[in-house]
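We name chains A, B, ... by the order of the sequence lines, and we start the count at 1 in each one. Keep in mind that the numbers below use all heavy atoms, side chains included, and drop hydrogens, waters and symmetry copies. Quantities reported herein were computed from a predicted structural model and do not represent experimental measurements.
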Amino acid sequence: MPRVERQAEVSWEGNLARGEGRISVPSGVFSGAAYSAATRIAQRPETTSPEELLAAAHAGCFAMSLAGELTRAGTPPERLDVTAQVTLDEVPGQGHLIVRSAISARARVPGADEASFSQVVADADAGCTFSALIRASAEVQVDATLEGGE
Amino acid sequence: MATERKASVTWQGDLMRGQGTVESVTSGVLGPLEVDWANRAEDAQGKTSPEELIAAAHAACFAMALSNVLAKEGHAPERLETSSTVTFVPGTGITKSALTVKGSVPGLDEDGFRQAAEEAKENCPVSGALKGNVELELDARLA
């Protein structure tokens, strides 16, 4: 398979504490999205952040991986609802680190049973390229539920 | 204190022909964003992908970290333009994030800027999450 490259661009003005950046992506789905240090760690943020973008990437990646594994198992999904929650924390002596991404998934899958679903979820986690990527440095939690499971 | 950011995705159908949507994120500024396999693994035709979002996260994290390194050294930047290009090899995974930066930094020479950029590349939290599994490249120049 050919390799695929995806790029994004950021402009930043000023220092960390009072500066502000803007994020754009070539697909055009967002452009000039603002972010700053203060909103990155705010409890009720009004701008996006690197961690929020990683959460979106992880949820998107896991959903595709789970759809792929369910299809491979002969039970393609009707609908998957996947949430990723990424945690940034200050670790003594190491500064700020991304310490965890917690995946929560609900799946509507005709014909799937609980036993086979558990195996498929494990395979989806192993096959999700982003899970594999961050597992070296952060904890990856996966909690998946089969809706109307038999 | 720990900071948490959440994103929610729905997916309908199988991998090859199905379609997903990043429905919402904590800040509320993004979404709905459509995702599908063809746009991810072949040509991007106006839809985002996990790799594009990782590139956005990395370029944003790197810019912030570099502004901090420079300001601590007494050279707060006027402007930094960063980019990340993330390489995805279907079947293998994400193999590389290549960072670039062009900086307007009063009073700093190329060597000093490159050193600061190298430090930011090593220490920004997204680099920390990617490092070890992914090749990180850096091309840093003064504007």
* With the 4.5 Å side-chain cut-off for hydrophobic clustering, are Val142(A) and Val99(A) part of the same group? ->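 Different hydrophobic clusters.
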Inset, instruction - Kindly work out whether a path of hydrophobic side-chain contacts (I/L/V/M/F/W/Y, heavy atoms less than 4.5 Å apart) joins Phe62(B) to Val69(B). - result: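 Result: no, two separate clusters.
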If every non-hydrogen atom of [X] is compared with every non-hydrogen atom of [Y], which pair is closest and at what distance?
| X | Y | value |
| --- | --- | --- |
| Asp81(A) | Thr10(B) | OD1-CG2, 2.9 Å |
| Gly14(A) | Ser67(B) | O-CB, 3.6 Å |
| Cys61(A) | Pro50(B) | N-CG, 3.6 Å |
| Val10(A) | Ala63(B) | CG1-CB, 3.9 Å |
| Thr47(A) | Val29(B) | CA-CG1, 4.1 Å |
| Thr85(B) | Glu5(A) | CG2-CB, 3.8 Å |

Find the distance between [atom1] ([X]) and [atom2] ([Y]) and round it off to the nearest 0.5 Å.
| X | Y | atom1 | atom2 | result |
| --- | --- | --- | --- | --- |
| Cys124(B) | Ile98(A) | SG | CD1 | 7.5 Å |
| Arg3(A) | Ile94(B) | CZ | CD1 | 14.0 Å |
| Leu97(A) | Asn123(B) | CG | CG | 9.5 Å |
| Asn133(B) | Arg135(A) | CG | CZ | 10.5 Å |
| Gln85(A) | Arg5(B) | CD | CZ | 11.5 Å |
| Leu53(B) | Phe130(A) | CG | CZ | 10.0 Å |

Option that, when pairs with chain B are counted at under 4.5 Å, heavy atom only, ranks first among [options]:
| options | result |
| --- | --- |
| Glu78(A), Glu90(A), Glu46(A) | Glu78(A) |
| Thr87(A), Leu70(A), Thr39(A), Ile41(A) | Thr87(A) |
| Ala84(A), Ala55(A), Ala136(A), Ala56(A) | Ala84(A) |
| Ala107(A), Ala67(A), Gly127(A), Gly95(A) | Ala67(A) |
| Gly68(A), Gly19(A), Pro77(A) | Pro77(A) |
| Leu66(A), Ile134(A), Leu133(A) | Leu133(A) |

message = Show, in sequence, the C-alpha distance, side-chain angles and deciding distance for Arg40(A) and Cys61(B), and conclude whether the side-chain contact (heavy atoms from CB on, under 4.5 Å) test is met.
response = CA-CA 10 Å; Arg40(A) 185 175 185 179; Cys61(B) 191; 3.2 Å; yes
Under 4.5 Å from any heavy atom of chain B - which part of [X]:
| X | value |
| --- | --- |
| Arg100(A) | side chain |
| Glu51(A) | both |
| Gln43(A) | side chain |
| Ser11(A) | both |
| Ala132(A) | backbone |
| Ser101(A) | neither |

What part of [X] is in contact with chain A, defined as an atom under 4.5 angstrom from a non-hydrogen atom: side chain, backbone, both or neither?
| X | value |
| --- | --- |
| Glu51(B) | both |
| Glu34(B) | neither |
| Val126(B) | both |

Do [X] and [Y] come within less than 4.5 Å of each other through their side chains, counting heavy atoms only?
| X | Y | result |
| --- | --- | --- |
| Leu16(A) | Lys72(B) | no |
| Ile54(B) | Leu54(A) | yes |
| Met64(A) | Trp37(B) | yes |

- Item | Heavy-atom donor-acceptor pair, Glu52(A) side chain to Ser27(B) backbone, under 3.5 Å | yes
request  = Could you tell me whether a side-chain N or O of Ser137(A) sits under 3.5 Å from a main-chain N or O of Ala129(B), the two making a donor and an acceptor?
outcome  =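 Yes.
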Problem - NZ (Lys102(B)) with more than 12 external heavy atoms under 6.0 Å - result: no
Legend entry - Residue Arg141(B) excluded, over 12 heavy atoms near CZ under 6.0 Å: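 Counting neighbours around CZ of Arg141(B), 12 or fewer heavy atoms of other residues, nucleotides or ligands fall under 6.0 Å, so no.
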Against chain A, work out which of [options] has the most heavy-atom pairs shorter than 4.5 Å and name it.
| options | result |
| --- | --- |
| Gln45(B), Lys6(B), Glu42(B), Met64(B) | Met64(B) |
| Ser97(B), Ser8(B), Ala71(B) | Ser8(B) |
| Ala76(B), Ser24(B), Gly93(B), Pro77(B) | Pro77(B) |
| Gly18(B), Gly128(B), Gly13(B) | Gly13(B) |
| Gly132(B), Ala98(B), Gly103(B), Ala55(B) | Ala55(B) |
| Thr82(B), Thr21(B), Asp14(B) | Thr82(B) |

So which of Ile23(A), Leu53(A), Val29(A) actually passes side chain to side chain contact (heavy atoms under 4.5 Å, CB included) with Leu30(B)?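 That would be Leu53(A); it is the only one of Ile23(A), Leu53(A), Val29(A) passing the side chain to side chain contact (heavy atoms under 4.5 Å, CB included) with Leu30(B).
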Checking Val35(B), Thr48(B), Leu33(B) against Ser27(A) for side chain to side chain contact (heavy atoms under 4.5 Å, CB included), the one that qualifies is Thr48(B)
